[in-house]
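I have placed the structure first, in the form of structure tokens, so that the comments after it can refer back to it.
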Amino acid sequence: MVKRARSSTAKRRNVDPIIIEIVRNGVLAVTEEMKTNLMRTAYNMIIYEALDFTTGLFTPTGETVSIGIGLPTFIRGMAETVKAKIRHFGVRNMKPGDIYVTNDAYTTGSHLNHFTFTLPIFHKGKLVAFSCCMAHWLDVGGVLGGMTTDIYSEGIQIPIVKYQDRGKVNQDLLDIIRMNVRLPPRAMGDLRAQVTAVKTGERRFLELLDRYGQHSVLDSIAEIMDRSEAAARARTLTIPDGVYEAESWLDDDGVDIGKRIPIKVKVTVDGDEMTIDLTDVSKQVRGFYNSAITTGYGCAQVAYKCITSPTDYPINDGAFRSLKIIIPKGRIISATRPAPMRLWMCFPMTIIDTIFKALQPAIPDRVIAGHHADLVAPTFHGFNPETSEFFIGNFGPLGGGWGAKKSEDGVSATVCLNDGDTHNGPNEQAEAKFPILVERFELVPDSAGAGRYRGGLGVARTTRALSPLVVNTQSDRSKCPPWGLEGGGDAAGNAIALRIGDQWKTDFPNAKVLVAQLKTDDAWRVSSGGGGGYGLPFDRPAERVREDVYQGYVSVKAAADLYGVVIDPVSFEIDQAATEQRRLRAPRLEEKRKAK
């Protein structure tokens, strides 16, 4: 049966195709310059090195035109925050020179550290767009370290208010923020950097309008969004119709230790439309791993974008018109007040992985096996003896293994899905700023899931305290390993270890160690998980296994046990006879399925 597309609702516009392409690249350039100026003026490493921020342009109704993306799951959070500000103030009450701000977790979908600034752009008296910037502030007050069980303990909450009213800065708001954060100079520096970013967006977008004309530019944007819709629908048509389901789970919520958090997703494909139903995702939890409903929408949109139009730019709302999302309130990705959200970003990654898992039978060539799905980013704080100043430190996401595809190995040491375009912070820069020393930073052998195509490897960082400090690790997926597909093996999970004196402690019930008090010369080691394998490990060419052993990715023992390849540990030569004998005894995929 041939699948047919639904009739298009796109309007016909008489727009010069050359102008359309100029505008397409123009809006991309605007959001990229917003990113650049934010990075150059921000005060905290988490912005200018880790790139934990997102910039964007939006239509007068709040639809996404282009995002200079840092956090993929914020693809919906920014648009919903702009729409919330439109509803709050009303378009008629918005004026040139206004800038609106909020960090409300239930509006942005994330935690209170994400301050979002929005500037209405007027051209010849008409509201034509919004320029917006979300960025992570290192500290927003609240409990320092440890677990939180409600939003009120997580820091200052700023409702939707005017940072700037027709050009006049709200000084009272600045004074309130300064009074409620531990590092006021850093907070004010990052605030000014975000204002610079949204003003950059305004200036550059107005230049585009002045050069090519308001009518041509706005019609071009509408046409670009219609084409994004058409491309997404066309790719959805290539997915067989059906209902696809998958399950997974998370370790725990940090409060009820060892109590698994169930994840179940259902994906329905009908012609050129897809419905992602997250009704059976766990209800919101007591620990700080919840997020609000805009993040739930973001989970579905990220998965859909990866499957239907991963290389189409700019990222805009047209690409999601063919996607329907079902999320009841009160789930871990649609939590309601006063659910805590400090670690909002951890659980959504596993939900996206599970969507890919569900679709594997339908489109095995477009999905990946499970990945490490966590930032693996401990925070640490204390007093620097050299400067006598209080500090809060963070390396940013560690990176880890990604799942293999049907046709290639997974990538190693790569930042997790939620933080797509973010970076891990340079060890040397962290050492220069904080009283710490990185002793080791290395790939973790045998951390990847075995398979015809091997998963990526995880990373381990060992950090020594040069003065007393407190460490908090909040990682999940230590017990639920990144899964393999089509007979591929599971990967190692995320892990934490502490060195107290000369003894290493590794027997933690999960990868969540809160408020660990370290003395001088104590250390902590975080290890990210690998990526799941794809296909039967015994089908991997022996020569590729030998190369993995030679590179140190796979041990000699794992090569024999998991891949059936016997290798001399000195010469790295393959024992062909022993290998052939081992591989003859390998169970085939159908036998494995029957055994299950």
Side-chain angles (χ1 to χ4, degrees), residues 31 51-56 58 62-84 102-111 113-114 116 132-136 228 232 250 263 265 267 274-279 281-282 284 289-310 312 314-336 339 341 343-356 358 371 373-375 397 415-422:
T31 49
L51 312 189
D52 189 345
F53 62 81
T54 304
T55 59
F58 301 83
E63 288 189 296
T64 304
V65 173
S66 174
I67 282 186
I69 204 156
L71 304 182
T73 46
F74 220 71
I75 195 170
R76 183 66 177 261
M78 288 262 282
E80 292 302 318
T81 303
V82 172
K83 291 173 184 176
T102 187
N103 74 332
D104 176 30
Y106 304 94
T107 298
T108 68
S110 59
H111 53 189
N113 299 73
H114 283 161
T116 305
C132 193
C133 174
M134 179 281 295
H136 182 116
S228 295
L250 297 149
I263 303 295
V265 305
V267 181
M274 179 182 289
T275 300
I276 296 178
D277 187 347
L278 302 178
T279 299
V281 167
S282 167
Q284 64 191 61
Y289 294 92
N290 302 287
S291 54
I293 197 165
T294 52
T295 295
Y297 293 141
C299 289
Q301 287 189 339
V302 168
Y304 187 67
K305 177 71 175 171
C306 289
I307 291 164
T308 60
S309 52
D312 289 357
I315 298 170
N316 65 76
D317 274 352
F320 307 112
R321 291 172 183 166
S322 50
L323 173 66
K324 181 181 179 182
I325 306 165
I326 302 173
I327 314 174
K329 290 183 179 180
R331 304 304 190 263
I332 52 174
I333 35 81
S334 59
T336 57
M341 298 193 186
L343 267 290
W344 73 280
M345 72 295 286
C346 289
F347 288 1
M349 290 179 269
T350 296
I351 294 172
I352 297 170
D353 262 4
T354 309
I355 294 171
F356 293 151
H371 82 307
D374 199 279
L375 275 69
V415 168
C416 55
L417 197 153
N418 178 79
D419 282 43
D421 278 1
T422 61

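When a residue number appears, it is its place in the shown sequence, counting from 1. What's counted below: heavy atoms across the whole structure, side chains too, no hydrogens, waters or symmetry copies.
- Side chains of Thr31 and Ser66: a donor on one and an acceptor on the other come within 3.5 Å.
- Lys305 contributes a side-chain N or O that, together with a main-chain N or O of Asp312, makes up a donor-acceptor pair within less than 3.5 Å.
- Side-chain N or O atoms of Thr295 include one that pairs as donor or acceptor with a backbone N or O of Gly109 at under 3.5 Å.
- Contact of the Thr64 side chain with the Ile67 side chain is registered, since non-hydrogen atoms from C-beta on lie closer than 4.5 Å.
- When atom types are taken as modelled, the side chain of Tyr304 and the backbone of Cys299 share no donor-acceptor pair closer than 3.5 angstrom.
- No donor-acceptor distance shorter than 3.5 angstrom exists from the side chain of Glu63 to the backbone of Phe58, with no hydrogens or angles considered.
- Distance check: His111 NE2 to Asn290 CG gives 13.5 Å after rounding to the nearest 0.5 Å.
- Remark: side-chain polar atoms of Arg331 are paired, donor with acceptor, to backbone N or O of Thr279 under 3.5 angstrom.
- Minimum interatomic distance between Ala79 and Asp317 (heavy atoms only, all atoms of both residues): CB-OD2, 4.4 Å.
- Considering only heavy atoms from C-beta on, Cys306 comes within 4.5 Å of Phe356 through its side chain.
- Side-chain contact check for Tyr297 and Ser334: no donor-acceptor pair (N or O, by modelled atom type) lies under 3.5 Å.
- A heavy-atom distance below 4.5 Å is not found between the side chains of Val267 and Asp277.
- Using a 4.5 Å heavy-atom threshold, the side chains of Ser228 and Ser309 count as separate.
- In this structure, Phe53 has its ring center at least 6.0 angstrom away from the ring center of His114.
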*Going through the distances and angles, do Leu278 and Ile326 end up as a side-chain contact (heavy atoms from CB on, under 4.5 Å)?*
CA-CA 6 Å; Leu278 302 178; Ile326 302 173; over 6 Å; no
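- The one candidate from Met345, Met134, Glu80 that meets the side chain to side chain contact (heavy atoms under 4.5 Å, CB included) condition with Phe74 is Met134.
- Contact annotation: the side chain of Ile263 approaches that of Ile332 to within less than 4.5 Å [non-hydrogen atoms, C-beta and beyond].
- Side chains of Cys132 and Thr81 form no contact here, defined as non-hydrogen atoms less than 4.5 Å apart.
- At least one donor-acceptor pair under 3.5 Å links the side chain of Asp353 to the backbone N or O of His371.
- Judged by distance alone, with hydrogens and angles left aside, the side-chain atoms of Asn316 form a donor-acceptor pair with the main-chain N or O of Pro314 at under 3.5 Å.
- Taking 4.5 Å as the limit, every side-chain heavy atom of Met349 sits out of range of all side-chain heavy atoms of Ile351.
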